[in-house]
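Predicted model, so just to flag it, every value in this text is computed and none were measured.
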Amino acid sequence: MTDPYGFLKVPRRPVPARPVEERLSDWTEVYAGQALLPLVSEQAGRCMDCGIPFCHSGCPLGNLIPEWNAYASRGSWLAASERLHATNNFPEFTGRLCPAPCEDACVLALNADPVTIKNVEQAIADESWERGYTSPRPPDRLSGKSVAVIGSGPAGLAAAQQLTRIGHTVAVYERADRIGGLLRYGIPAFKLEKHCLDRRLAQMRAEGTKFRTGVDIGSDLDATELRRRHDAVIVAVGAMEQRELPVPGRELYGIHQAMGYLTLANRVGEGDYAVSPVSAAGKHVVIVGGGDTGSDCLGTALRQGAASVVQLDINPEPGDTRPDAQPWPTYPKVYRISHAHEEARGREGRDPRLFSSATLHFEGDADGQVSALCLTEVEPTARQPRPGTERVLPAELVLLALGFSGPQRGGGLTGQLGLVRDDRGAFARDAGFAAVVRERGGSAAPTADGVFIAGDAGRGQSLVVWAIAEGRAAAAATDRYLSGSTALPSPVAATDRPLTT
């Protein structure tokens with residue numbers, strides 16, 4: 001254990017990001033080059049060995065947080081890495097991208113500042129790579145069974161790695177030209193540099209996982225043929241059906257879905273373009289949507305040299321303290337500042353977000369190019385417009401970051417496998433991740449034979465930790481189907497949800 005009085009002696013000190021002006025001049029991660037270890041080891045020592053670590057409940061992976069905190073506090077990086085990787089295939093991803101619900105569930109958060117769990121996790125993961133602890137783990141023998149994984153996001157990659165390591169032959173099919181899903185093309189490099197992804201993929205290749213890019217299952221390859229070729233199939237295609245904004249003027253040029261915009265920006269970093277075909281350079285930008293994707297668009301637009309950026313959030317501005325209706329250890333909705341918000345605020349001197357705001361319509365010029373966005377304030381609960389609050393913002397580039405409503409429609413995957421959608425638009429499945437399919441007569445069968453659904457495809461839009469947890473659990477379900485039993489961990493059921501009141 002750590003010093004039981006550490007949290008009384010040492011105040012919370014998160015790892016500081018690089019100065020705003022420095023990081024706005026490049027696409028490098030906001031923490032790149034910072035001295036992590038002395039600070040992180042000191043902060044890990046604040047973990048108080050509380051007896052019932054509710055941080056475990058905050059994270060669906062069941063990360064052994066007090067254990068690797070204790071090792072990190074003593075500089076025992078090999079032991080810390082082993083405990084961290086025992087529950088998490090990709091801690092270098094979660095340490096950078098997860099909003100850390102584990103910190104809000106920390107027992108210290110009852111009446112003090114929680115442990116900087118996310119910083120410690122990233123430091124352990126990075127040290128593990130630097131010191132050569134994260135070596136490939138190929139199986140001792142092959143099972144003779146093969147599995148196809150459709151989709152190469154965090155859920156698909158986690159499932160593939162788990163199944164490869166116990167001896168199944170795994171092929172990951174990705175419709176894009178590179179592996180990684182949203183980790184590759186959706187997450188900006190200033191949050192996740194792509195070498196972090198590439199080195200993990202190299203590890204997986206060395207373990208035996210096969211990758212097939214540029215293959216759209218359901219179009220380029222019939223899904224029923226894929227099922228015939230393999231002993232089992234895991235569908236991990238994510239939730240990429242983007243929500244629309246059906247208001248007058250939506251057809252104007254210069255209005256784009258956020259994910260398309262982020263993909264093009266990431267392709268510049270991959271060397272596909274010298275300059276993004278959709279750039280914010282010199283433009284007045286409005287982002288519609290207050291979530292993480294909107295924040296990613298904000299940081300991207302600032303680095304591209306936008307003249308101004310405003311982010312609209314239909315929700316009211318949260319308070320600074322945990323609401324009574326969201327008690328510990330739930331993840332509360334409080335006022336949070338992302339690194340992109342910090343960057344915009346430092347440049348403009350104000351928060352770039354307009355809360356309780358909704359779009360009424362767009363205005364355009366004679367060439368059909370968007371030139372302005374008309375918005376209104378809305379009531380906090382009913383979200384109805386407040387008369388007399390209309391205003392116009394200059395808008396030469398509008399980015400729609402309104403979230404997603406399940407796997408993309410169209411294509412042949414759904415019909416060829418007979419998949420059924422639930423009332424949220426995700427693929428239906430049972431608690432054990434087996435796909436629910438529609439029989440020829442039209443009725444829904446309990447489960448498909450050897451077809452499993454993992455990640456956002458079955459859960460709906462969620463966090464990277466849930467995707468990895470689902471990938472691990474779906475791998476366990478698949479192994480049980482193939483082998484009759486499994487020793488693989490299954491951290492969540494398909495019906496599990498985040499801890500709420």
Side-chain angles (χ1 to χ4, degrees), residues 1-16 31 34-135 137 158 196 200 328-331 463-466 468-469 472 488-492 499:
M1 63 179 290
T2 59
D3 181 353
Y5 304 104
F7 68 98
L8 296 173
K9 302 174 184 176
V10 180
R12 175 183 167 98
R13 285 181 58 206
V15 174
Y31 294 113
Q34 303 299 81
L36 297 178
L37 297 194
L39 175 60
V40 164
S41 292
E42 179 187 60
Q43 290 297 302
R46 296 184 68 242
C47 185
M48 60 186 208
D49 193 29
C50 53
I52 302 178
F54 276 81
C55 53
H56 289 190
S57 302
C59 179
L61 285 164
N63 283 332
L64 306 173
I65 295 168
E67 294 184 33
W68 42 258
N69 271 334
Y71 288 123
S73 71
R74 297 193 289 268
S76 301
W77 300 108
L78 175 58
S81 173
E82 290 173 345
R83 301 315 292 150
L84 180 57
H85 281 91
T87 59
N88 188 348
N89 295 71
F90 314 123
E92 66 272 29
F93 303 161
T94 55
R96 288 167 166 83
L97 303 177
C98 182
C102 54
E103 293 190 11
D104 288 288
C106 175
V107 173
L108 279 176
L110 272 167
N111 58 3
D113 294 325
V115 176
T116 57
I117 299 171
K118 182 176 175 178
N119 287 167
V120 179
E121 179 179 16
Q122 179 181 341
I124 295 171
D126 289 349
E127 280 301 296
S128 181
W129 283 105
E130 289 294 324
R131 296 168 184 258
Y133 300 152
T134 315
S135 56
R137 291 167 46 194
C196 293
R200 186 60 78 172
W328 176 89
T330 62
Y331 185 71
L463 304 178
V464 63
V465 284
W466 279 97
I468 296 172
R472 290 169 67 88
L488 289 176
S490 185
V492 294
L499 185 64

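The distance from the CH2 atom of Trp68 to the OG atom of Ser73 is 12.0 Å, given to the nearest 0.5 Å. The structure places SG of Cys59 at 9.0 Å from CD1 of Ile117, a figure rounded to the nearest 0.5 Å. Here the OH-OG distance, from Tyr71 to Ser41, works out to 14.5 Å after rounding to the nearest 0.5 Å. For the atom pair OH of Tyr133 and CG of Leu78, the computed distance is 5.0 Å after rounding to the nearest 0.5 Å. With values rounded to the nearest 0.5 angstrom, Ile124 atom CD1 is found 10.0 Å from His85 atom NE2. To the nearest 0.5 Å, atoms OG (Ser81) and CD (Glu127) are separated by 10.0 Å.
Applying the side-chain contact (heavy atoms from CB on, under 4.5 Å) rule to Phe7 yields the partners Arg46, Met48, Leu108; only residues at least two apart in sequence or on another chain are considered. In this structure Glu82 satisfies the side-chain hydrogen bond (donor to acceptor under 3.5 Å, both in side chains) test with no other residue, sequence neighbours excluded. For Pro114, the side-chain contact (heavy atoms from CB on, under 4.5 Å) partners at least two apart in sequence or on another chain are Arg12, Glu103, Cys106, Ala109.
Shortest non-hydrogen contact noted between Phe54 and Pro329 is CD2-CG, 3.8 Å. In this structure, Tyr31 and Gln122 approach most closely via the heavy-atom pair CD1-OE1, 4.2 Å. Of all heavy-atom pairs spanning Ile52 and Val107, the tightest one is O-CG2, 3.8 Å. Ala123 and Leu37 make their closest contact through CB-CD2, 4.4 Å (heavy atoms, listed as atom of the first residue, atom of the second, distance). The shortest heavy-atom contact between His56 and Ile65 is NE2-N, 3.6 Å. The nearest pair of heavy atoms linking Ala125 to Leu84 is N-CD2, 4.0 Å.
With contacts defined as side-chain heavy-atom distances shorter than 4.5 Å, the pair Pro66/Cys55 qualifies. Counting only heavy atoms from C-beta outward, the side chains of Pro489 and Thr87 never approach each other to under 4.5 Å.
Of the possible donor and acceptor atoms, one in the side chain of Thr94 sits under 3.5 Å from a partner among the backbone N and O of Pro91. Side-chain atoms of Arg472 do not come within 3.5 Å of backbone N or O of Ile468 as any donor-acceptor pair. A donor-acceptor pair is defined here as one N or O able to donate and one able to accept, closer than 3.5 Å; no such pair exists between the side chain of Trp77 and the backbone of Ala72. Between the side chain of Gln43 and the backbone N or O of Pro14 there is no donor-acceptor pair closer than 3.5 Å.
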- Task: Apply the test side-chain contact (heavy atoms from CB on, under 4.5 Å) to residues Arg96 and Val464: give CA-CA distance (whole Å), side-chain angles for both, the deciding distance (0.1 Å), then the verdict.
- Result: CA-CA 10 Å; Arg96 288 167 166 83; Val464 63; over 6 Å; no

- Task: Could you go through the side-chain contact (heavy atoms from CB on, under 4.5 Å) check for Arg200 and Phe93 one step at a time?
- Result: CA-CA 10 Å; Arg200 186 60 78 172; Phe93 303 161; 4.2 Å; yes

- Task: Given side-chain contact (heavy atoms from CB on, under 4.5 Å), test Glu92 with Thr134 step by step and report yes or no.
- Result: CA-CA 11 Å; Glu92 66 272 29; Thr134 315; over 6 Å; no

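A side chain to side chain contact (heavy atoms under 4.5 Å, CB included) with Asn69 is found for exactly one of Leu64, Val120, Thr116, namely Val120.
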